[in-house]
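Each remark here refers to the structure printed beneath this line.
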Amino acid sequence: CYTDADPQQLAIYAAGHGHLILVRLLLSESQTPPHLTAIADAAALNGHTHVLEWLEGSNGSTSITQSACYWAAAKAQWTTLQWLKAHGLR
């Protein structure tokens with residue numbers, strides 16, 4: 001199955017599908033520092049604002065960058081773009 005998979009890559013995949021509990025579990029199991037920007041980008045791409053909210057609350061907004069706006073706009077995730085704007089990103 002996924003026994004050899006990188007927990008961070010799985011966390012990015014999970015974030016893109018809105019599975020916050022799985023993201024949190026995978027990041028807690030990871031042996032290396034998480035690539036939170038990629039996780040935020042995956043969440044933004046598919047409109048999973050609740051994942052972005054958790055990232056902001058647990059890691060500060062530094063993990064959410066301008067690229068999240070780009071990915072949200074790429075799939076017309078207007079609610080997510082509004083949330084990003086309200087949190088200082090444009």
Side-chain angles (χ1 to χ4, degrees):
C1 190
Y2 289 107
T3 57
D4 294 333
D6 176 18
Q8 289 197 52
Q9 290 299 317
L10 291 175
I12 292 167
Y13 181 83
H17 288 82
H19 301 297
L20 179 56
I21 293 172
L22 188 54
V23 170
R24 293 173 67 175
L25 175 69
L26 289 163
L27 292 180
S28 71
E29 298 289 321
S30 181
Q31 302 282 328
T32 58
H35 187 39
L36 299 176
T37 301
I39 292 169
D41 290 351
L45 176 66
N46 292 303
H48 298 297
T49 307
H50 63 288
V51 176
L52 297 173
E53 290 171 343
W54 175 78
L55 284 171
E56 182 184 52
S58 64
N59 300 294
S61 59
T62 57
S63 60
I64 304 171
T65 65
Q66 186 66 35
S67 63
C69 294
Y70 169 82
W71 291 114
K75 285 189 65 181
Q77 301 294 348
W78 305 126
T79 303
T80 302
L81 280 169
Q82 289 174 337
W83 185 91
L84 290 164
K85 182 179 177 183
H87 289 84
L89 293 167
R90 303 196 185 275

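Within the hydrophobic cluster formed by Ile, Leu, Val, Met, Phe, Trp and Tyr side chains joined at under 4.5 Å, directly or through other members, Tyr70 is accompanied by Leu45, Trp71.
The shortest non-hydrogen separation linking Leu22 to Ala14 is CD2-CB, 3.9 Å. The heavy-atom pair separating Ile64 from Leu52 by the smallest distance is CD1-O, 3.5 Å. Here the shortest heavy-atom pairing between Thr65 and Thr37 reads OG1-CG2, 3.6 Å. Pairing each heavy atom of Ala40 with each of Ser63, the nearest pair is CB-O, 3.6 Å. Taking each heavy atom of Ile12 and Ala38 in turn, the nearest pair found is CD1-CB, 3.6 Å. Between Leu89 and Cys69, the shortest heavy-atom distance links the atoms CB-SG, 3.7 Å.
At least one side-chain heavy atom of Leu36 sits under 4.5 Å from a side-chain heavy atom of Leu27. The side-chain heavy atoms of His50 and Glu53, taken from C-beta on, include a pair separated by under 4.5 Å.
With sequence neighbours excluded, the residues forming a side chain to side chain contact (heavy atoms under 4.5 Å, CB included) with Ala72 are Ala44, Gln77, Thr80, Leu81, Leu84, listed by chain and number. Listed by chain and residue number, nothing satisfies the ring pair (Phe, Tyr, Trp, His ring centres under 6.0 Å) test with His35 (two or more places apart in sequence, or in another chain).
The aromatic rings of Tyr13 and His17 are tilted relative to each other, their planes meeting at an angle between 30° and 60°.
Remark: side-chain polar atoms of Asn46 are not paired, donor with acceptor, to backbone N or O of His48 under 3.5 angstrom.
Rounding to the nearest 0.5 Å places NE2 of His19 at 11.5 Å from CG of Leu10.
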